[in-house]
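Heads up: the structure comes next, in structure tokens.
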Amino acid sequence: MSRDYPLEKLRNIGVIAHIDAGKTTTTERILFYTGKTYRIGSVDDGTTVTDWMEQERERGITIVSAAITTSWRDHQINLIDTPGHIDFTAEVQRSLRVLDGGVVVFDGVQGVEPQSETVWRQADRYNVPRICFVNKMDRVGADLEYSIQTIREKLGAKPIQMQIAIGKETDFVGAVDLLNMKAIIWEDEQGSTPVEKEIPAELLKKAQEKRKLLVEKVAELDDKLTDKFINEEEISIEEIKSALRKAVLANEATPVFCGSSLKNKGVQPLLDAIIDYLPSPLDIPAIKGIDPKTGEEIVCHPNDEEPMSAIIFKIVSDPYAGRMAYFRMYSGTIKQGLMAYNPSTQKKERIGRLIRVYADHREDVEEMHAGDIGAVLGFKNIVTGDTICEAHHPIVLERISFPDPVISVAIEPKTSADNEKMGRALARLAEEDPTFKVREDENTGQTIIEGMGELHLEIIVDRMFREFNVQANVGKPRVSYRETITKEIPKVEYKYVKQTGGHGQYGHVVFGIKPLPQGSGVQFLNEIKGGTVPRDYFNAVEKGVYEAAESGVLAGYSLTDLQVTFYDGSFHEVDSSEMAFKMAAIFAFREGVEKAHPVLLEPIMKVEVNIPEEYLGDVLAQLNSRRAEIAGMEMKHGNAQAVSAFVPLSEMSGYATELRSVTQGRGVFSMEYDHYTPLPENIANEVLR
């Protein structure tokens, strides 16, 4: 079966932004104008296509990324609507890993907000080409020029203004297309048929100046156009579009468009820009992987004739359909009923139902091709980040990395009947969400769940109740502290010797342990020379170190930012075993950590508080009482102040209520994890009691 659209007419894009910038509303309009839906859904009414979970509709926020397939101008668009709340940053991370381009939505009043910076940096990490859409141009205080300035200054981007707004705030009616020098007006309520008109006389001079600036900026990006511009030769619209497309693909420029998705204005030019400037799978560098047998690099070209390779970027447990694995095809063709090979487990699994996803609706297909995004029903042992390929052409693609959880709560079933169901539900939810962890507390025997924030864990517990019918009691949120060392121990030695009837146990290791810079994690170096310990036991020693690092010596929190060097030891011809060396490594590690002056680390959050200026003094006093380190203050539009601070997560409990109280409900804040830092001694003593 041939593909529906040629590769050059395929766009895999994501809609990303700060919470409440209008991503889902923009996505809803895209679906309506491309003919995928026949009515416009509303976030406030809970009728949007992509926010399909009950929790999303109740709260009016996106929690899980939703995939949609639609078409525009004879191009297929695979679109993913991502969450804006920092607690669900993993959804953005894994979406950006598999997308070719992004639409970044900004609030026309606020411009670049804290989470805008986070998603922008995530897109930078994966080299995702972007276009910008300044939304909410109908709101009081909306300012396109200000938003573009914040994109330039806060993100270090090179924004190129493609439009100017016609009408201000509530009088916003359309935009001037600076490329074609036409006014686009949305006259009907649903915005279905934008009307092209002459530019209003009062805007003509400004439009001419802005177009000249646009041409100049684009000419700087292309040597041929630079010569033409210097020589004052005519530069055609096609030449501008071609040069701008190349610059966008190289992440050297970002076109900026404007509109009001809620008022159904500005979305069609955005769709045109997706087709004109964002890449097809052919426009991005071919993805590289590793041959698991030889370790050699393999390049996967977006070609249906090459061996099949795809990455699993999301697992969903559907209560009706079962376990669904979302994938992005990088090369080859995947067909229903064939066997897929997972090099991580070295096992084959049958491809059951092959699905093209439409949020919570699905369409069965027989096959998919390079560049496609879809889902498979029926995989049992595949997890997020796994590669699927052909058994005779194995390849491992780079896995998706996720941040560690920063907050935890104890959870217990309400009745003994809920006990087994709770275990199954938590396992399914942890399988879906790589930033959600479940463990048992060694000291109390309690089940501890860990996540990225209070809202994250609240949603998990709510889903457990609704989707799995499990009743549970939940404790108060606890901060996920870490432990580290502050002193180098050049030598720590342990002999694990046990003698019983028959074979004994013998493992002998000598380690050096030293602290590492913040964010380094746990590193293991093997520097054994001369065969003092056989290679057969190296893996066991390494496993022992990493296992021991999962629970520290002060309060059982996991260890980080240290290096263990395995440089000596001995073995016994008969009594040595992998288990003996693993146990020796565990005891040596713990002994070394105890000698290396261990300390507790606490997570520090980057917090931004937006308030009217008259409340500034009270808010600063509030933050200082919470051990905040004020990083800066910035005047915003219309008598507003933005306060940036670094605050320990343990101090942020109840802050939302306190902020609302002191600012009469007018203050808002956002926070995201930034780093770990040593806990002050007096507070550490309280934690360790």
Quiz item: OG/S551 to OH/Y557 distance, rounded to the nearest 0.5 angstrom?
Solution: 12.0 Å
Quiz prompt | Interatomic distance, I284 atom CD1 to Y330 atom OH [nearest 0.5 angstrom] | solution = 7.0 Å
Practice problem: Check whether more than 12 heavy atoms from other residues, nucleotides or ligands sit under 6.0 Å from atom CD of Q523, and answer yes or no. | Solution: yes
Looking only at atom types and distance, does a side-chain atom of [X] sit under 3.5 Å from a main-chain N or O of [Y], one as donor and one as acceptor?
{"X": "K23", "Y": "V105", "result": "no"}
{"X": "T34", "Y": "L31", "result": "yes"}
{"X": "R29", "Y": "L262", "result": "yes"}

For [X], give me all partners under side-chain contact (heavy atoms from CB on, under 4.5 Å), at least two apart in sequence or on another chain.
{"X": "N473", "value": "E412, K414"}
{"X": "D124", "value": "W120, R121, R130"}
{"X": "N381", "value": "E349"}
{"X": "Q518", "value": "D561, H675"}

Which donor-acceptor pairs under 3.5 Å do side chains of residues 292-302 form with protein atoms, sequence neighbours excluded?
residue	atom	partner	partner atom	Å
T294	OG1	E296	N	3.2
H301	ND1	E306	OE2	3.0

Sequence-distant partners of [X], salt bridge (charged side-chain N to carboxylate O under 4.0 Å, His left out), two or more places apart:
{"X": "E450", "answer": "R439"}
{"X": "D372", "answer": "none"}
{"X": "R328", "answer": "D100"}

Partner residues of [X] under the side chain to side chain donor-acceptor pair (under 3.5 Å) criterion, sequence neighbours left out:
{"X": "Y481", "result": "none"}
{"X": "K154", "result": "E634"}
{"X": "T69", "result": "N78"}
{"X": "K606", "result": "none"}

Exercise. Any chance you could lay out the salt bridge (Lys or Arg N to Asp or Glu O under 4.0 Å) test for R323 and E431, step after step, and finish with the verdict?
Key: CA-CA 10 Å; R323 197 168 183 270; E431 198 176 59; 2.8 Å; yes
